[in-house]
Amino acid sequence: MDSVALERIRQEALLACTEQFAHIDTISLHNTQKVLAAYRDAQLSSYQFAGTSGYGYSDLGREKLDEVYARVFRAEKALVRPHFVSGTHTLATVLCALLDRDDLLISLIGAPYDTMQGVIGYARETPRSLKEKGVRYEEVALKANAYDLDGIRTVCQEKQPKLVLIQRSRGYSSRASLTIDDIRQITAAVKSVSPQTICFVDNCYGEFAAEEEPLEAGADIIAGSLIKNPGGGIAPTGGYIAGKANLVDAAADYLTAPGLGGELGSYAYGYRLFFQGLFMAPHVTAQAIKGAVFAAAVFDRLGFKVSPSYETPRSDLIQTIFLENEKNMCLFAQGIQTFSPVDAHVTPIPDDMPGYADKIIMAAGDFVQGSSIELSADGPIRPPYVMYLQGGIVFEHNVLAVMSAAQYIMENSEGEGHD
Ligand SMILES: *Cc1c(COP(=O)(O)O)cnc(C)c1O
């Protein structure tokens, strides 16, 4: 396949995405308006960007950041802190704060995200896990690779769990991500049979992918990472928790100390990047989702299986591409890496990673270390040889990187059925 043919595929793919892109733009417009309204109502001013030191009593930036997150996510209260080291840290803080010995936690959408399995301590024994603390854990299995609403209702009616975990994004599983309407149905089912149960949504990768957020669809509390969607690609670190005030207060006490809660905590560098990041987040999320849709259209045209298809409405950032063999995975990763803004000269090779049974190949060149709102691609070297592509804060970058990946594969797999 020559460069003229690839150029034709690029143009055809862009054309095929027109309708989906218009839909994504509409969501971005709506969410930008939501953020602007929150900033206006909170009367955000530049003096609130300044950092503080020490205890950070009356830190205006910290308080304002909590306020605007609460407004954007329709929460009674929010806790937004650079002190959260990752998304997992925010999720674990909520679980540890709200669950005591003998309480029952149920994951409603099958097994949760890999790192959460360590926090819970069931699939994997971990010191100081919830399991070691005496928290009981169950899962409602997926049915035909989707959530099982009847199963959820039956189990919650019978067991009356203290808290249920609902993961919005597919993460690295093959099920579909949850839409806001899915979340609405699930929380309604839980509350109809067990009104006291706390509905907790892992919102990682889902923020701003739709016009509403989970708290508007019946969730009690949500949490996520600032180096994903809501940080807009420029928040340097951190995480957030938002929801009912009493639940967020409990999480704040767990993050700091009982009685201290969210009233302390300084950040000497200041808060401008967090505010600017949240302002950019709806647009940046749209860039990443458009990039995923475009990749689906290109690789579909090249004859590879992709999921979701370019026509499927998106509810998170992740695109899977079935590359059929190890060689194609390596070529794909090289193609993406060559068009990374950082470390473009590096060649990704499959390697062992702690906690994974298979070798992993990974392409990334982030400004913020490990940021997955920036463009990256990774996958375990095993059948069905799936590459996970996510992020991209500038759509043009995704176009160039995806076409580069396509070119690497096409130039090197001649005669293997993809000419
Ligand atoms: C990213 C992610 C997390 C948390 O991962 P961190 O790397 O700790 O930020 C949890 N759940 C889902 C679905 C995720 O995508």
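Remember, it's 1-based here, ligands and their atoms both numbered in the order they're listed. Index from 1, following the sequence.
- Considering only heavy atoms from C-beta on, Tyr254 stays 4.5 Å or farther from Leu98 through its side chain.
- Interface atoms of ligand 1 facing Thr88, defined by a heavy-atom separation under 4.0 Å, are 4 (C), 5 (O), 6 (P), 8 (O), 9 (O).
- Distance from atom 1 (C) of ligand 1 to its nearest protein heavy atom, with residue and atom name: Lys228 NZ, 1.2 Å.
- For ligand 1 and Gln167, the ligand atoms under 4.0 Å from any heavy atom of the residue are 13 (C).
- Taking CZ of Phe200 as the start and CG of Leu108 as the end, the distance is 12.5 Å to the nearest 0.5 Å.
- Using a 4.0 angstrom heavy-atom cutoff, Leu91 counts as in contact with ligand 1.
- Every atom of ligand 1 is numbered from 1 in the order shown, and the set under 4.0 Å from a heavy atom of Ser86 is 8 (O), 9 (O).
- With contacts defined as side-chain heavy-atom distances shorter than 4.5 Å, the pair Ile9/Val298 qualifies.
- Compare Thr115, Asp202, Thr90 by their heavy atoms: the one nearest to atom 11 (N) of ligand 1 is in Asp202.
- Within the structure, no pair that satisfies the ring pair (Phe, Tyr, Trp, His ring centres under 6.0 Å) test touches residues 212-236, not counting sequence neighbours.
- Applying the side-chain contact (heavy atoms from CB on, under 4.5 Å) rule to Asp351 yields no partners; only residues at least two apart in sequence or on another chain are considered.
- Every atom of ligand 1 with a heavy atom of Gly87 under 4.0 Å away is listed here by number and element: 4 (C), 6 (P), 8 (O), 9 (O).
- Listed by number with element, the atoms of ligand 1 under 4.0 Å from a non-hydrogen atom of Tyr205 are 15 (O).
- The shortest distance between side-chain heavy atoms of Ile222 and Val94 does not fall below 4.5 Å.
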